[in-house]
Amino acid sequence: MAVIKIRNKAIRFAVSVICTFIVSAAASQCFAESPAGGESVSNFQYMKKISAVFDFVQQNYVDEIDPKVLYEGALKGMLDSLKDPYTQYLDQNTMRPLSDTTAGNFGGVGLSISKPIESSSEKPAYVEVASPIEDTPGAKAGILSGDYITAIDGEATAPMTMEEVLNHLRGKAGTPVTVSILRGKDIRFDVTLVRALIEVPTVKYGMISATGYLRIIEFTPDTPKRVQEALDSFAKANYKNLIIDLRDNPGGLITSVADVADKFIDSGTLVSTKSRLSFENKVFTANAKKTTVSAGLPIVVLINRGSASASEILAGALKDNHLAYLVGQRTYGKGSVQQVIPLSASDGFKITMARYYTPSDTNIDKVGIPPDREVLYPELSEAEEKTYAELIKSNAIASYVDSHSGMTERDIASYALVLQKKYPLGAALLRRLIRVRVNRLKPAMLYDSDYDIQLNAAIEILKSSDFKNLVKSAKTLKELQDEAEAKKKSGT
């Protein structure tokens with residue numbers, strides 16, 4: 001019996017070696033490069049290799065694999081290798097969100113987000129909130145631009161793909177989802193959001209004394225029409241100057257923002273796109289017949305880190321033409337243009353096809369647009385961050401507000417002073433937090449004059465007798481970038 005066992009083992013070993021040799025030989029033959037002597041591999045040969053690996057894995061992997069899994073994995077890997085956060089494979093769950101700005105509504109929590117591709121222990125790839133959409137669960141809960149979502153329903157976001165993040169955040173309207181927020185260096189708290197049908201807004205507007213206040217929330221096909229309605233309303237109210245609020249505007253359609261810019265600029269380039277493909281090189285030029293805003297109208301544009309893409313196009317166009325003065329914070333810095341390419345009825349991919357350039361021929365990708373007058377909200381000290389986190393975790397504001405319905409501004413100010421004794425934070429910040437809770441079931445306020453120091457700064461600047469000189473002397477984006485490059489070369 002022992003001899004038989006030895007022979008059986010020997011046979012099995014021999015068969016194993018032979019099979020391994022055959023498979024290895026076939027594989028090496030299949031995957032071998034045709035060119036010899038270091039010649040480059042052609043596109044066709046690369047495609048043969050990819051196809052060969054696909055077939056080999058299907059036929060030889062230890063478990064049977066659904067070809068769809070290999071197909072999606074291959075496309076994700078290929079596009080992720082470009083290390084471009086805006087170029088990605090889109091399955092049926094991620095194709096839908098990209099049509100939100102044109103379809104007009106979707107289900108979710110109302111947060112525009114971004115996510116780095118690479119993650120490390122030193123810098124986890126948390127989900128960053130680019131901007132909350134007004135009147136949505138995320139905005140009503142007080143989530144801010146720059147907040148990081150570190151976990152969703154207790155599951156860490158760092159290892160998730162963007163597709164997985166969206167799948168976790170989206171769901172049936174009326175169902176809850178809990179997000180873990182990191183604000184600043186060490187303010188951590190959980191927020192439970194109830195998913196809702198999100199309607200994509202376009203603009204909101206109103207008068208502040210003699211100043212027209214125009215908040216452009218996102219650039220959709222309807223935005224130019226809504227902007228004109230606002231401008232017509234201001235004209236009837238005999239407005240003397242204008243504030244365009246682009247804060248937390250994540251962008252939208254380039255055709256939409258070009259149409260809006262044309263209402264202010266009567267000649268020259270509004271924005272251009274450049275690519276290695278000639279058909280992607282486009283120039284959007286102003287048409288004087290479409291210009292509806294009188295020349296010389298004092299204009300201030302409000303920007304912050306949540307202003308991205310199309311909103312940067314408008315801010316850059318007005319700045320480069322010396323038509324507006326920029327106030328606030330440096331913008332996000334997304335200066336590229338993407339197209340969605342369908343692969344079937346249910347999937348596709350999004351790819352960067354070109355970069356856009358402002359009228360002074362400047363691309364702001366990964367750089368952003370600096371304000372002419374920087375106005376930043378005060379940063380919390382370490383002690384204040386700790387106090388802030390304790391306040392949020394205590395649920396004190398929610399408990400008090402929910403048991404005192406109908407709170408007025410006087411009530412808000414009074415309760416802020418009470419809170420301040422236990423939680424020593426700025427009174428304006430406390431009033432803001434209370435006000436957000438009081439107004440959570442109401443439409444978003446047009447503006448918050450008590451807390452909004454950037455808006456107040458814009459109003460004061462418009463009152464300046466030297467406003468025209470301020471705008472005229474403000475440097476174009478090209479001049480600013482040339483100066484920065486010169487300083488870099490000189491080492492100063």
Side-chain angles (χ1 to χ4, degrees), residues 131 134-135 201-219 223-249 257 259-266 291-304 306-307 311-312 314-329 331 369-377 409 428 431-432 435 439 443-474:
S131 61
E134 283 196 6
D135 292 331
T202 52
V203 304
K204 291 188 176 184
Y205 59 91
M207 294 294 294
I208 305 175
S209 298
T211 299
Y213 174 76
L214 170 63
R215 176 165 172 73
I216 304 179
I217 301 164
E218 194 160 358
F219 289 95
T223 303
K225 180 180 177 181
R226 300 292 174 243
V227 167
Q228 190 57 53
E229 289 174 357
L231 295 173
D232 292 342
S233 173
F234 298 154
K236 288 180 181 178
N238 196 28
Y239 73 132
K240 304 300 181 185
N241 43 53
L242 176 65
I243 293 174
I244 303 174
D245 192 344
L246 297 176
R247 291 174 298 177
D248 296 330
N249 181 324
V257 69
D259 286 343
V260 170
D262 208 355
K263 297 180 185 299
F264 298 88
I265 302 169
D266 59 8
T291 305
T292 59
V293 175
S294 301
L297 179 75
I299 302 173
V300 167
V301 175
L302 291 173
I303 54 175
N304 68 359
S307 308
S311 58
E312 292 173 295
L314 180 57
L318 294 175
K319 178 174 175 58
D320 280 351
N321 280 279
H322 296 284
L323 294 176
Y325 197 71
L326 275 51
V327 173
Q329 183 184 21
T331 61
I369 297 175
D372 298 311
R373 177 79 59 84
E374 186 175 58
V375 180
L376 303 177
Y377 288 90
E409 278 299 317
R431 290 194 297 269
R432 171 68 173 174
R435 194 177 294 116
N439 295 328
M445 297 171 63
L446 182 59
Y447 55 87
D448 186 345
S449 58
D450 176 45
Y451 178 76
D452 198 341
I453 60 174
Q454 293 174 338
L455 175 61
N456 291 331
I459 293 171
E460 288 303 313
I461 290 170
L462 284 170
K463 292 178 181 177
S464 169
S465 59
D466 200 34
F467 183 80
K468 288 186 178 179
N469 288 332
L470 278 177
V471 176
K472 188 176 180 181
S473 62

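Note that this is a predicted model, so its numbers are computed, not measured. Heads up: numbering here begins at 1 and tracks the sequence.
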Taking side-chain hydrogen bond (donor to acceptor under 3.5 Å, both in side chains) as the definition, give me every residue that meets it alongside Asp452, ordered by chain and number, with sequence neighbours left out.
Arg247, Tyr377
Is Asp466 paired with Lys472 through a side-chain N to carboxylate O contact shorter than 4.0 Å?
no
Pair Leu314, Val260 - check side chain to side chain contact (heavy atoms under 4.5 Å, CB included), show working.
CA-CA 8 Å; Leu314 180 57; Val260 170; 4.0 Å; yes
Testing the 3.5 Å rule here: is there a donor-acceptor pair between the side chains of Gln228 and Asp232?
yes
Are side-chain heavy atoms of Phe234 and Met207 found at a separation under 4.5 Å?
yes
Over all atoms of both residues, closest heavy-atom pair of Val327 and Pro371:
C-CB, 4.0 Å
Any heavy-atom pair between the side chains of Ile303 and Gln329 that's under 4.5 Å?
no
Thr223 side chain to Ile216 backbone, donor-acceptor under 3.5 Å:
no
Under a 3.5 Å distance rule, please check whether Thr331 uses its side chain to pair with a backbone N or O of Asn304 as donor and acceptor.
no
Charged N to carboxylate O below 4.0 Å: is that the case for Arg435 and Asp448?
yes
Does Tyr447 have its ring centroid less than 6.0 Å away from the ring centroid of Tyr213?
yes
Can you tell if the side chain of Tyr239 reaches within under 4.5 Å of the side chain of Thr211, non-hydrogen atoms only?
no
Check whether the side chains of Ser307 and Asn249 place a donor and an acceptor atom closer than 3.5 Å, and report yes or no.
no
Looking only at heavy atoms, which two atoms of Ile369 and Ala315 are closest? And how far apart?
CD1-CB, 4.4 Å
CD1 of Ile243 to CG of Leu214, rounded to nearest 0.5 Å, is 10.5 Å
At what distance, to the nearest 0.5 angstrom, does CZ of Arg373 lie from CG of Leu326?
12.0 Å
Let's go through Leu302 and Val375 carefully: what are the C-alpha distance in whole Å and the side-chain angles of both, what is the deciding distance for side chain to side chain contact (heavy atoms under 4.5 Å, CB included) to 0.1 Å, and is it a yes or a no?
CA-CA 10 Å; Leu302 291 173; Val375 180; over 6 Å; no
Output for pair (Leu231 CG, Thr292 OG1), nearest 0.5 Å, gives 5.0 Å
Give, for atom NE2 of His322 and atom CG of Leu318, the distance between the pair rounded to the nearest 0.5 Å.
12.0 Å
Check: Asn469 main-chain N/O paired with Ser473 side-chain donor or acceptor under 3.5 Å:
yes
Here the gap from Leu470 atom CG to Lys468 atom NZ, rounded to the nearest 0.5 Å, amounts to 12.5 Å
How long is the span from the OG atom in Ser233 to the OH atom in Tyr205, to the nearest 0.5 Å?
5.0 Å
Determine, step by step, whether Glu460 and Asn456 satisfy the side chain to side chain contact (heavy atoms under 4.5 Å, CB included) criterion, reporting the C-alpha distance in whole Å, the side-chain angles of both residues, the deciding distance to 0.1 Å, and the verdict.
CA-CA 6 Å; Glu460 288 303 313; Asn456 291 331; 5.7 Å; no
Is any side-chain N of the basic residue among Asp372 and Lys319 closer than 4.0 Å to the acidic one's carboxylate O?
yes
Donor-acceptor check, side chain of Gln454 to backbone of Gly328, threshold 3.5 angstrom: yes or no?
no
Determine whether Ile299 and Tyr325 make a side-chain contact, defined as any pair of heavy atoms from C-beta on separated by less than 4.5 Å.
no
Before giving the answer on side chain to side chain contact (heavy atoms under 4.5 Å, CB included), spell out for Ile217 and Lys204 the whole-Å C-alpha distance, their side-chain angles and the decisive distance to 0.1 Å.
CA-CA 8 Å; Ile217 301 164; Lys204 291 188 176 184; 3.9 Å; yes
Could you check Asp259, Leu246, Val227 and say which one makes a side-chain contact (heavy atoms from CB on, under 4.5 Å) with Phe219?
Leu246
If you take all heavy atoms of Val293 and Leu297, which pair is closest and at what distance?
CG1-CD2, 3.7 Å
Would you say Phe264 and Thr291 make side-chain contact, with heavy atoms under 4.5 Å?
no
